[in-house]
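Note that the structure is predicted; figures quoted are calculated from it, not measured. Whatever order the structure lists them in is the order used to number ligands and atoms, beginning at 1.
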Amino acid sequence: MSLEGRKINFAAGPAKLPEEVLLKMQEEQLNFNGLGVSVIEMSHRSKEFGVLLNETISLIRELMNVPDNFEILFMQGGGTGQFAAIPLNLKGNHDHADYIVTGAWSSKAAEEAEKYIKVKKVFQPSKPYVTVPDQEKWVHDEKAAYLYYCANETVHGIEFTPTAPESHNVPLVADVSSNFMARPFDFKDHGVVFGGAQKNLGAAGLTIVIVRKDLIGKQQAITPAVFSYKEMIANNSLYNTPPTGGIYTTNLVLKWIKSKGGLQAIYELNLQKSGLIYGIIDNSNGFYHCAVDKRYRSIMNVCFRIGGPSGNEDLEAEFLKGAADRNMISLKGHRSVGGIRASLYNAITLEETQVLATWMNEFQKAHSA
Ligand code: PMP
């Protein structure tokens, strides 16, 4: 039951879980609630698992303040599965869907959707991804089945803040995989809000999908049953065997979020953590460089280069090595972007962020002498 030897884990996902959650899992691994079995050994149709499942749904509803006209579903297939499930379920009689492409993940979502619906991009995406282009210039259509956006681009560190895009009277679809419950969420204008659990809410394998009730039942005939919102809702997410261990893990994480004061408190801490790192970047005289438009900087994935806008790979390698020597891991940026990415998900503490901040200051000092 020791936490000794644990690293400071800035991974982009799967990512760090709160120690309290891991210890609870360890404690309950052999004998859950006095039942003499582990949760992952129990029938998903048992009364006891049903209690856990419903409690998990209620906790999401309570913490995120999910309105009554939304259903909460547990699915599989990850965020990527939803890239297909969205057009499969929402096409209805519409001819096309509108996509806002601000980074790698919304780009992938649009590409996958093209198999099932005509995709129109509201602006021509331009690389490198560093901002959300001016909304005034977007071209959309009130006839679209939905308007899709990625609330936080994990690879590029671009987050829609402080509000979602203008919907123009079509349901918004939000991929919140990497900022799920990182801040209070406003469901206004949304039709579907989805994300994998493996960053802020638990383990890989569970995909949480929150769907507005009036959008259910528009699925295409070819929709696989496991991807059908209608089928899943009719069966309270028990159409087939759900990821029981994943639901259990998320249940514990949600209780942990609640114990920390809920989403507002979590958000304030996330602002503090990311503010600390962005502050160092901004005060580094260009030694650290974050390319993302300040209005859209992610509070979850802080991406930066070292030694100038294009980065100095030798310096970056040295920085990563020094970080590893100081117990910090998984700070390497995504291969398509390079540089450094510090993922500061909910479970990362302020103290852990301070260790990174101290190393950044020390590293800069050593190289500007
Ligand atoms: N959307 C975003 C924003 C992501 O960060 C990821 C995964 N990193 C995905 C979708 C894809 O999720 P999955 O790997 O669960 O399919």
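A salt bridge links Lys24 to Glu28: one of the charged nitrogens lies within less than 4.0 Å of a carboxylate oxygen.
Counting heavy atoms from C-beta on, the side chains of Val226 and Asn240 come closer than 4.5 Å.
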Show me the donor-acceptor pairs, under 3.5 Å and distance only, between side chains in residues 67-82 and residues at least two apart or in other chains.
| residue | atom | partner | partner atom | Å |
| --- | --- | --- | --- | --- |
| Gln76 | NE2 | Thr241 | O | 3.0 |
| Gln82 | OE1 | Tyr229 | OH | 2.7 |

Verdict with supporting geometry, Lys365 and Asn361, side chain to side chain donor-acceptor pair (under 3.5 Å) = CA-CA 6 Å; Lys365 214 166 165 191; Asn361 283 329; over 6 Å; no
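Evaluation of the side chain to side chain donor-acceptor pair (under 3.5 Å) test over residues 159-176, restricted to residues two or more places apart or in two chains, returns Glu142-Asn169, Glu159-Asn179, Glu159-Arg183, Asp175-Ser177.
The immediate protein surroundings of ligand 1, defined as residues with any heavy atom under 4.0 Å of it, consist of Gly78, Gly79, Thr80, Phe83, Trp105, Cys150, Asn152, Thr154, Asp175, Ser177, Ser178, Gln198, Lys199.
Cluster note: Val130 groups with no other residue, as no ILVMFWY side-chain heavy atom lies under 4.5 Å from it.
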